[in-house]
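Heads up, the thing below is written out as structure tokens.
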Amino acid sequence: MSENILLGITGSIASSKSEVLFQLLNKQNNVEIFSTNEGLKYVSQDFQNENTIYSSWDQLEGSPHIEYARWADKVIIYPATANFISKYAHGLADDLLLSTLLMFDKDIYIAPAMHEEMFMDKKIQENILNLSNKVTFCGPRFGNLDIGDQGIGRLVEPNELFDILYTKKDKVIVTSGPTSEYIDDVRVITNKSSGKQGRAIAIELMSQGYEVVYIHSKDIEPVAGVRNIIFETSEDLLKAMDSETNNLKHLFMVAAVSDFVIKKTKGKIDRSKGEASINLSPNIDIVKEYKLKNRDVNVISFSAQTNNDLNFEKIKSKDSDYLVINNLSDNYFGSDMNKVTIINKSEKIYESGDENKHLIAQKIIQNTII
Ligand SMILES: Cc1cc2nc3c(=O)[nH]c(=O)nc-3n(C[C@H](O)[C@H](O)[C@H](O)COP(=O)(O)O)c2cc1C
């Protein structure tokens, strides 16, 4: 089915990729191109000569922001700069593209591209989080950036964006970070999981167009652009997972769930009363419980170990479809690197080298979502 698509270009070093996206979209759709003034600097002269790109009010008559907003079925901002995202998040309308976007009330896709430091800036993260209830964010992902750097901020490729538009991808839950179990009203038992591997998986899945629900510990960073739910205790975590089972296809159970729960003491245990003890009882196996109730969900469990044993007993006891084993003796908690082995119930299916957690995330997804 042919659609009316407004392709918006902004001033990123990656903007020349919009020329490829335009060719893909234009095969079966009516595509109009709007650009910011800065965006024009990064698309080739040939592309500008061959196509009409609207970047100024003076090129059009009447009220083009109203007319084009009503004409378009979809608006795609590819790529979107930090500047553009922030202006849009705050309702600025000081050029043709921003004004049209503010007028537009149908499907909006935004593919950010910028250096990691810009992307991780608190204000940019906040702006993306605020926009994500009305916009589909496509990336950015980890990869090569400008001036030979690597980091999160790389634009998704044109064909990937095209797939996001026309192939509906599954709903996925990624859980991440440590649980905290309350000893009394002010103290907890927790663990040193950083949440980085889970976060990297959520970012990569979002870049690939999956509908991601990121259920993460209260004290670790959200993933801007996806649905975030916070947990504190293992009980909260299971409740959050249960609330998102509708249409769910895959669960990446990366959260480090406490093996023990505690009978919580009300108030604050008083030091002046002398020695105190806490009573630990074994926690339920959350993944096992979940799989029992949700047989059709593809469950990927994670096992932090101090050896490389292929733990077939564990994958069977958890009744998971895959187990990702990481040997803690190779990498400390909180490291950006990881080394994993993936097994299914009968065999080893993948072993990685020591690599950045984002690259490991890509390998885990490739080997477990089929
Ligand atoms: C060579 C070069 C590359 C740039 N690449 C990016 C980029 O990838 N992402 C970004 O957010 N800003 C980038 N900038 C900065 C933007 O171009 C600048 O913020 C500009 O004001 C954006 O304008 P616009 O959002 O109206 O298009 C780059 C600047 C230069 C000089």
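Each ligand, and each atom within it, is numbered from 1 in the order the structure gives.
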Inset, instruction - Report the relative orientation of the aromatic rings in Tyr210 and His250; use parallel for angles under 30°, tilted for 30 to 60°, perpendicular for over 60°. - result: perpendicular
Inset, instruction - Could you label the plane-to-plane angle of the Phe22 and Phe47 rings as parallel, tilted or perpendicular, counting under 30° as parallel and over 60° as perpendicular? - result: perpendicular
Inset, instruction - Can you sort out the partners of Pro222 under side chain to side chain contact (heavy atoms under 4.5 Å, CB included), two or more places apart, ordered by chain and number? - result: Leu129, His216, Asn228
Inset, instruction - Run through ligand 1 for me and note each protein residue having a heavy atom under 4.0 Å from it, chain first, then residue number. - result: Thr10, Gly11, Ser12, Ile13, Thr36, Glu38, Tyr42, Thr81, Ala82, Asn83, Phe84, Ala113, Met114, Met118
Legend entry - Member of Asp336, Asn338, Asn326 meeting the side chain to side chain donor-acceptor pair (under 3.5 Å) criterion with Gln197: Asn338
Legend entry - Hydrophobic cluster partners of Leu145 (side-chain heavy atoms under 4.5 Å): none
Legend entry - For Ile189, the rest of its hydrophobic cluster, which grows through side-chain links under 4.5 angstrom: Ile183, Phe260, Ile262, Ile269, Ile278, Leu280
